[in-house]
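Each remark here refers to the structure printed beneath this line.
Reckoned from all heavy atoms, side chains included, excluding hydrogens, waters and symmetry mates.
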Amino acid sequence: MKRSFLAVAFSALSLVACAQQDDEDKLYRPADLAVVDTAMLVNFDFHPVGIYTDNNLTADFKNIKWVMTAERAKIVEDAERGKVLEVFFPKGSVGPQQGGVQFVRNLPPNNEYYLDYYVKFDAAFDFNLGGKLPGLTSGGETYTGGVHPTEGQGWSARYMWTDKMPVVYLYYVDMNDTYGESLALSNKFEKGKWYRITQHIKVNDTDKSNAEITVWLDGKVVAKKQNFRLRIGSKGLIDSFYFSTFHGGNTTDWAARNDSYIYFDNLIVTTKPIKF
């Protein structure tokens, strides 16, 4: 017996829908990570090579508060990881207006998140005195640049590369430093090598000093801070991913001494423990 026209048509539409769903799954689910309950998951496998615009970024990351790529972001082919995001730091650049890329991606406020991404410094990268790398925050970009969260309503936990050891660059309620407090990682970055860097942050309870920050590099714990206060009271939940990367500091001695590039891939924020 022949199948009816409607049955055949329905079957064909189902196949198309499945194929579209497969494409969406590939776009937002990296092959080497099994992560559920993600608040953010972006890779670049299906993008054409070329300039990565503010519009491209907003479409990928969604729920963007603000973005500044300034034509310094591109999609390129990497021999090891395929298509990745390349960020440019021109010679002489210092600060986010002159080099690198910045944006804030809002997250559903939560007391605990994992941030996981891959990063590589190109073979000629100039570390000079140091610069910023993406991290989780409360309040987006508010508590950076010497602005202390004295009321305990927010904080930030970006990374910094330095001329020595990389650090978690912390702004939090009980900090004593004029600028960010440095929590050193126990591994130094090498040029031309991919690293998987993972950050777990749990804010303190409203009436306790029990906040936790743990950092892994390629699955190995390289930094840990416990029993402190990120916030005061019920505010200061984790509410943003701050993609912030540039040379600086803000004086010329921090500037890139040659054209430099950093590469990023598989950016994930999730409530579930990351599997290595």
Decide yes or no for [X] and [Y]: does some side-chain heavy atom of the first lie under 4.5 Å from some side-chain heavy atom of the second?
{"X": "T69", "Y": "I51", "answer": "no"}
{"X": "P96", "Y": "M68", "answer": "yes"}
{"X": "T271", "Y": "N110", "answer": "yes"}
{"X": "V168", "Y": "E181", "answer": "no"}

Kindly check if the number of other-residue, nucleotide or ligand heavy atoms within 6.0 Å of [atom1] ([X]) is above 12?
{"X": "E71", "atom1": "CD", "result": "no"}
{"X": "K91", "atom1": "NZ", "result": "no"}
{"X": "K83", "atom1": "NZ", "result": "yes"}

Does a side chain donor of either [X] or [Y] reach within less than 3.5 Å of an acceptor in the other side chain?
{"X": "E141", "Y": "W66", "result": "yes"}
{"X": "Q199", "Y": "Y114", "result": "no"}
{"X": "Y263", "Y": "E86", "result": "yes"}
{"X": "S156", "Y": "T144", "result": "no"}
{"X": "Q153", "Y": "Y143", "result": "no"}
{"X": "D253", "Y": "T251", "result": "yes"}
{"X": "N227", "Y": "S209", "result": "no"}
{"X": "D116", "Y": "T198", "result": "yes"}
{"X": "D126", "Y": "N258", "result": "no"}
{"X": "T53", "Y": "N56", "result": "yes"}

Relative to [Y], does [X] satisfy both conditions: NZ or CZ under 6.0 angstrom from the six-membered ring centre, and within 45 degrees of the ring's axis?
{"X": "K132", "Y": "Y169", "answer": "yes"}
{"X": "K225", "Y": "F228", "answer": "yes"}
{"X": "R72", "Y": "F89", "answer": "no"}

Donor-acceptor contact present, side-chain [X] to main-chain [Y], <3.5 Å:
{"X": "S182", "Y": "A184", "value": "no"}
{"X": "T142", "Y": "G139", "value": "yes"}
{"X": "S240", "Y": "T137", "value": "yes"}
{"X": "R81", "Y": "V84", "value": "no"}
{"X": "N128", "Y": "G130", "value": "no"}
{"X": "D265", "Y": "Y118", "value": "no"}
{"X": "Q98", "Y": "V94", "value": "yes"}
{"X": "K191", "Y": "F125", "value": "yes"}
{"X": "Y171", "Y": "G146", "value": "yes"}
{"X": "D205", "Y": "K208", "value": "no"}

Single-linkage hydrophobic cluster, 4.5 Å side-chain cutoff, [X] and [Y] together:
{"X": "F241", "Y": "I213", "result": "yes"}
{"X": "M165", "Y": "F189", "result": "no"}
{"X": "Y261", "Y": "F246", "result": "no"}
{"X": "L170", "Y": "Y242", "result": "no"}
{"X": "V101", "Y": "L85", "result": "yes"}

What do you reckon, are the aromatic ring centroids of [X] and [Y] less than 6.0 Å apart?
{"X": "F121", "Y": "Y195", "result": "no"}
{"X": "F103", "Y": "F61", "result": "yes"}
{"X": "Y179", "Y": "H148", "result": "no"}
{"X": "Y52", "Y": "F44", "result": "yes"}

Give the minimum heavy-atom separation between [X] and [Y], together with the two atoms involved.
{"X": "S244", "Y": "R158", "answer": "OG-NH1, 3.0 Å"}
{"X": "V104", "Y": "G140", "answer": "CG1-CA, 4.0 Å"}
{"X": "L237", "Y": "S138", "answer": "O-OG, 2.7 Å"}
{"X": "P90", "Y": "A256", "answer": "O-CB, 3.7 Å"}
{"X": "I75", "Y": "P48", "answer": "CB-O, 3.5 Å"}

Working to the nearest 0.5 Å, report the span between [atom1] of [X] and [atom2] of [Y].
{"X": "L57", "Y": "R105", "atom1": "CG", "atom2": "CZ", "value": "10.5 Å"}
{"X": "E112", "Y": "K272", "atom1": "CD", "atom2": "NZ", "value": "9.5 Å"}
{"X": "N111", "Y": "I238", "atom1": "CG", "atom2": "CD1", "value": "7.0 Å"}

Pair I268, Y117 - check side chain to side chain contact (heavy atoms under 4.5 Å, CB included), show working.
CA-CA 6 Å; I268 293 172; Y117 61 86; over 6 Å; no
Could you walk me through whether M40 and L267 pass the side chain to side chain contact (heavy atoms under 4.5 Å, CB included) check?
CA-CA 7 Å; M40 184 190 82; L267 298 105; 3.9 Å; yes
Stepwise side-chain hydrogen bond (donor to acceptor under 3.5 Å, both in side chains) test for N204 and N210:
CA-CA 5 Å; N204 54 287; N210 60 346; 5.1 Å; no
Among H200, K224, Q226, which residue meets the side-chain hydrogen bond (donor to acceptor under 3.5 Å, both in side chains) test with T214?
K224
Can you list the other members of the hydrophobic cluster that holds I232, where links are side-chain heavy atoms under 4.5 angstrom apart?
V173
Side chain to side chain contact (heavy atoms under 4.5 Å, CB included), that's the test. Do I262 and T245 meet it? Break it down for me.
CA-CA 9 Å; I262 299 179; T245 184; 3.8 Å; yes
With H247 as partner, the option from F127, W161, W254 fulfilling ring pair (Phe, Tyr, Trp, His ring centres under 6.0 Å) is W161
Given I197, which of L185, L115, L133, D218 fulfils the side-chain contact (heavy atoms from CB on, under 4.5 Å) condition?
L185
Evaluate side-chain hydrogen bond (donor to acceptor under 3.5 Å, both in side chains) for T38 paired with T270, printing each intermediate quantity in order.
CA-CA 4 Å; T38 56; T270 178; over 6 Å; no
CA sep, side-chain torsions, deciding dist, call: Y172, R229, side chain to side chain contact (heavy atoms under 4.5 Å, CB included):
CA-CA 7 Å; Y172 64 101; R229 294 192 304 173; 5.8 Å; no
Between F264 and F243, does the ring-ring contact (aromatic ring centres under 6.0 Å, His included) criterion hold? Intermediate values first, please.
CA-CA 11 Å; F264 297 91; F243 190 105; 4.9 Å; yes
